[in-house]
Peer 1: 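Sending over a structure as structure tokens; questions will come in a sec.
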Amino acid sequence: MRRHGGQPFKKFRNSLLSRYLGIIGFALVFIPILIPVSFLASWGVNRAFFPASVPDKTEVVRSYGSGLQLENTWHNAASSLSGKTPEEINERLRALKQDYPDASMFWVDAEGLTRLQLPEQSGLPSKWTPEDAVAFMKHAVDSDPFTVVAFIGGKSQAAGQGFMVFELPRKNMKPLTGGREGDYRFYGFFIFLMFSFFILISYLFFRDIRKRLLRLESGMTRTGPNGLPVRVPLGRPDEIGRLEQAFNHMVDELDDSRRREHEEEELRKSLISNLSHDLRTPLTVLGGQLYSFRKEPLSDQGQQALALMETKINDLSGLIDHLLSYNLLASGRYVMNLEDRDMLRVVRVSAAAWYPLWEKAGIEADIDLPEDPLIWHIDEQGFRRVLDNLFQNLVRHAGSGGYVGISIEQRHRKTALFIADRGPGLGSVSPAKGAGLGLQIVDLLLREMGLVRETVSYPEGGTRVYIYPLQ
């Protein structure tokens with residue numbers, strides 16, 4: 001029971017679904033872990049390749065607070081100077097200069113004249129115009145030094161006392177921490193690496209599936225020397241592996257079936273050959289004894305029985321010849337000597353040999369063949385065997401029609417030999433009907449000579465057999 005219960009789990013563990021679920025599970029479990037790891041990796045790379053800048057210890061850098069604090073201080077100082085005289089304004093600026101020694105200060109009176117500068121600056125105009133004020137304000141926005149402009153006496157020009165300007169280098173606005181900028185500049189790169197790794201694992205998983213399926217397809221379409229599909233190498237014991245195993249099992253079954261079929265065919269051929277040879281000897285003895293009986297005085301009934309026995313012995317001898325010929329043709333051991341021959345001459349010679357038999361059977365022969373030769377690439381002996389079998393079938397099954405016609409005509413754009421009769425046709429039941437070995441031998445011989453037989457039977461009676469080359 002345990003083995004039966006563990007079999008589904010073992011199949012699932014070896015399945016493609018379990019492998020892909022493992023990839024998904026790896027991503028879901030390790031991505032939340034790898035994100036902080038990527039932070040640490042980015043921080044470590046920055047520390048290793050971008051060390052912090054160490055400030056010059058000989059340089060003393062003072063800090064005066066944030067920009068908002070400086071701006072509020074300066075505006076409050078400007079508001080406190082409402083109604084003050086120029087001398088008092090100058091005194092206040094000198095006091096502020098002592099509090100901010102690294103800053104630059106100046107003020108402009110209501111007439112636009114530049115008054116006190118701490119320290120002196122060469123780029124300032126002595127007489128300010130509105131255009132100069134606008135250009136100065138535009139240049140001071142988000143620039144270094146940090147610049148604050150405040151109206152003396154308040155936040156507007158209502159006081160009419162001008163304005164005062166405060167400038168401070170931005171390095172004095174916040175303390176130097178000695179830290180690193182952009183500790184996380186490689187964070188996105190490590191995230192990209194993690195997702196690339198997941199995509200690579202998925203690609204390798206599906207590439208392996210595709211490779212194995214293509215290998216299986218190649219095994220199905222490619223045949224080996226025995227004409228059967230070739231076996232494929234087995235992979236992992238998953239769904240595709242079980243399919244490969246089933247395919248190899250099918251190939252083995254086909255190979256065993258082909259081998260058994262070949263053995264049975266060889267046994268059948270050997271049996272037919274042995275039986276044919278074993279039957280020929282007693283038939284020869286029986287034929288000799290019947291020939292001896294003919295010399296004895298027999299009654300009319302005895303003569304009829306003797307003639308019937310001779311006929312049956314001849315039929316049996318012909319059947320044995322058919323069996324031997326069919327066995328040789330089916331096994332490919334029938335020797336064919338294909339040469340360019342005048343097919344019409346072979347037909348005339350064969351028809352002349354059969355003419356007395358037709359006349360004895362009351363069959364009228366109508367032979368209309370042209371005088372010009374018709375060259376076919378045939379084996380003369382084999383072609384005569386074909387004609388003999390066809391003429392023999394005509395006498396046996398269509399002799400009641402009392403007619404045989406032999407001529408040539410165009411059939412499917414090829415010159416064809418046709419043999420016609422006026423018998424009951426193919427649909428009728430003949431008392432002399434056999435196993436059909438004669439026609440099978442005809443078809444095998446014609447195939448070896450590159451010819452084809454086409455039989456046409458008419459409802460009102462009569463049959464035509466056409467023979468013409470395939471090419």
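As the structure is a computational prediction, the values presented were derived from the model and not from experiment.
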Peer 1: Between R464 and E409 (salt bridge meaning N to carboxylate O under 4.0 Å), is one present in this structure?
Peer 2: yes
Peer 1: Do H377 and M449 come within less than 4.5 Å of each other through their side chains, counting heavy atoms only?
Peer 2: no
Peer 1: If you draw a 6.0 Å radius around CD in E253, do more than 12 non-hydrogen atoms from other residues or ligands fall strictly inside?
Peer 2: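 Check passes, neighbour count above 12.
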Peer 1: For residues 189-206, which residue pairs qualify under side chain to side chain donor-acceptor pair (under 3.5 Å), counting only residues two or more places apart or in two chains?
Peer 2: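 For residues 189-206, and leaving out neighbouring residues, there are no side chain to side chain donor-acceptor pair (under 3.5 Å) pairs at all.
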Peer 1: Could you go through D256 and R259, starting from their C-alpha distance and side-chain angles, then the distance that decides it, and tell me whether this counts as salt bridge (charged side-chain N to carboxylate O under 4.0 Å, His left out)?
Peer 2: CA-CA 5 Å; D256 291 341; R259 179 177 52 79; 3.7 Å; yes
Peer 1: According to salt bridge (Lys or Arg N to Asp or Glu O under 4.0 Å), who are the partners of D252, at least two apart in sequence or on a separate chain?
Peer 2: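 So D252 forms a salt bridge (Lys or Arg N to Asp or Glu O under 4.0 Å) with R231.
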Peer 1: Run the side-chain hydrogen bond (donor to acceptor under 3.5 Å, both in side chains) check on W376 and D342 step by step: do they pass?
Peer 2: CA-CA 6 Å; W376 283 2; D342 182 8; over 6 Å; no
Peer 1: Applying side-chain contact (heavy atoms from CB on, under 4.5 Å), can you list everything that pairs with M250, at least two apart in sequence or on another chain?
Peer 2: F247, L254
Peer 1: If you measure only the distance, is there a donor-acceptor pair under 3.5 Å linking the side chains of D421 and Y403?
Peer 2: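 Per modelled atom types, D421 and Y403 side chains form no pair under 3.5 Å.
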Peer 1: Do the side chain of S407 and the main chain of D368 share a donor and acceptor less than 3.5 angstrom apart?
Peer 2: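 Indeed, once roles are kept as given, a pair shorter than 3.5 Å links the two residues.
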Peer 1: Considering residues, nucleotides and ligands other than Q245, do more than 12 of their heavy atoms fall under 6.0 Å from its CD?
Peer 2: no
Peer 1: Evaluate the side-chain proximity of D388 to S350: yes if any heavy-atom separation is below 4.5 Å, no if none is.
Peer 2: yes
Peer 1: Run the salt bridge (charged side-chain N to carboxylate O under 4.0 Å, His left out) test on R345 and E380 for me, step by step, so that the C-alpha distance in whole Å, both residues' side-chain angles and the decisive distance to 0.1 Å come before the verdict.
Peer 2: CA-CA 10 Å; R345 185 188 66 81; E380 183 173 345; 3.2 Å; yes
Peer 1: Could you give me the CA-CA distance, side-chain angles and deciding distance for T455 and R453, then say whether side-chain hydrogen bond (donor to acceptor under 3.5 Å, both in side chains) is met?
Peer 2: CA-CA 7 Å; T455 302; R453 174 179 68 93; 2.8 Å; yes
Peer 1: Other residues, nucleotides and ligands only: do more than 12 of their heavy atoms fall within 6.0 Å of CZ on F206?
Peer 2: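 Atom CZ in F206 is crowded, with more than 12 foreign heavy atoms closer than 6.0 Å.
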Peer 1: On the ring face of Y468, is R411 found with NZ or CZ under 6.0 Å from the centre and within 45° of the axis?
Peer 2: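 Not flagged: R411 not positioned over aromatic ring of Y468.
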